[in-house]
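Scroll down for the structure; my scribbles are underneath it.
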Amino acid sequence: LERLLPLSISLAVTPGSSRRRLWYISSAAILLLTTILTFSRGAWLLGIPAGLLVVGLLQGKRSRRYVLAGLAVLAVCCVPLFRTERFSSLLNLQSGTSFLRLQLWQASWAMIRDHFWTGVGLDNFLYYYGDYILPGAEIERWLSHPHNIILDLWVRTGLIGLVLYMGAFLTAVLPTLRALTHSSALKNPVTIGMLGALAAALAHGLIDNAIFVPELAYGLLFMLAYLVHASTPLPPSGECPE
């Protein structure tokens, strides 16, 4: 949901027929409402804000009003919910989710130090975690990933794998950003929406899984492939690309 919302917002604020814009505005409203109803703290506090801010910065002044409106709706919905245990516990570092997440990250880093270059292998975190779990975190013994994209890549694929994945992200994003700043023809709403979707995925991935679930992996690889294609200049007419 949070990966589709920036794309929908980007298309909604692009000038065009009123009917087309109405469809995209409606879809953005439905996606925002549905994401709110998930009670996902990662989406509310990290994913959606990151995705919408990227769209607002790249689309220009026109889109910023819609982005600010979306963030305002999100903020208003968050106010009463911060009184609930699910959200108020975020500030408690002695117990609850935040405490368990900090314990998990420390244990994951200890695991990485012992397997610095190669990691522990794909989907092996679950089997190694018992040897590194810290006191007080036993309630979540059977976790299968570190809930952080950097730690997850490192512990699964080692340092070399982490560097290769980071290279893939940079290879897709940096040329696209350069193309957007140097050519108005390439500044299309789908490309900007994809950058916003990628920002949402990576931001949420700081506290949760971002890649190693089939649907998340397919979505992320599709975004990277699209961005690489969008930033590649088209060959002259009659010539085939290499």
Side-chain angles (χ1 to χ4, degrees), residues 1-79 81 149 169 172-177 179-181 183-211 213-232:
L1 293 171
E2 70 183 0
R3 297 181 185 192
L4 288 174
L5 183 59
L7 178 60
S8 188
I9 290 285
S10 181
L11 290 165
V13 300
T14 302
S17 68
S18 57
R19 177 176 296 183
R20 184 191 65 83
R21 292 189 63 207
L22 179 61
W23 276 109
Y24 286 125
I25 291 172
S26 300
S27 67
I30 293 171
L31 287 169
L32 180 59
L33 176 61
T34 309
T35 308
I36 289 171
L37 293 176
T38 65
F39 280 71
S40 169
R41 293 166 294 189
W44 285 36
L45 302 177
L46 294 174
I48 293 178
L52 296 190
L53 286 173
V54 167
V55 171
L57 289 173
L58 295 178
Q59 272 281 19
K61 295 181 180 179
R62 180 184 182 89
S63 69
R64 288 170 195 164
R65 291 175 295 176
Y66 294 93
V67 169
L68 290 175
L71 293 176
V73 171
L74 190 63
V76 169
C77 293
C78 282
V79 170
L81 289 174
I149 186 172
F169 292 134
V173 172
L174 294 182
T176 305
L177 290 175
L180 288 174
T181 56
S183 174
S184 59
L186 292 177
K187 197 171 184 178
N188 69 75
V190 177
T191 300
I192 293 174
M194 287 291 183
L195 286 170
L198 184 60
L202 296 180
H204 195 161
L206 294 175
I207 62 168
D208 208 337
N209 201 342
I211 300 178
V213 177
E215 62 271 20
L216 297 182
Y218 294 149
L220 195 64
L221 291 174
F222 179 84
M223 288 186 282
L224 293 177
Y226 181 91
L227 292 175
V228 170
H229 175 75
S231 62
T232 303

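Index from 1, following the sequence.
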Supply the atom-to-atom distance Ile207 CD1 to Ser40 OG, rounded to the nearest 0.5 angstrom.
-> 7.0 Å

Can any side-chain N or O of Gln59 pair as donor or acceptor with the backbone N or O of Ser10 at less than 3.5 Å?
-> yes

What is the distance from atom CZ of Phe169 to atom CD1 of Ile149, rounded to the nearest 0.5 Å?
-> 4.5 Å

Nearest heavy atoms of Ile9 and Ala28, plus distance in Å | CD1-CB, 3.8 Å

Under the side chain to side chain donor-acceptor pair (under 3.5 Å) test, residues paired with Thr176 that sit two or more places apart | none

Measure the CG-CG distance between Leu45 and Leu206 for me, rounded to the nearest 0.5 Å.
-> 12.5 Å

Taking side chain as C-beta onward, heavy atoms only, is Leu1 less than 4.5 Å from Leu31?
-> yes

Pairwise distance OG(Ser18) to CD1(Ile25) - rounded to 0.5 angstrom | 10.0 Å

Please report the shortest heavy-atom distance between Ala199 and Val54, naming the atom on each side.
-> CB-CG2, 3.6 Å

Would you name the heavy atoms of Ala210 and Ala201 that are closest together and state the gap between them?
-> CB-O, 3.9 Å

Closest non-hydrogen atom pair, Ala43 against Thr35 | CB-CG2, 3.9 Å

Can you check whether Leu195 reaches Leu180 side chain to side chain, under 4.5 Å on heavy atoms?
-> yes

Gap separating the CG atom of Leu198 from the CG atom of Leu224, nearest 0.5 angstrom | 6.0 Å

Shortest non-hydrogen contact between Ala172 and Leu227, atoms and distance | O-CB, 3.8 Å

What's the shortest heavy-atom distance between Ser8 and Tyr24, and which atoms?
-> OG-O, 3.1 Å

From CD (Glu2) to CG (Leu32), nearest 0.5 Å | 12.0 Å

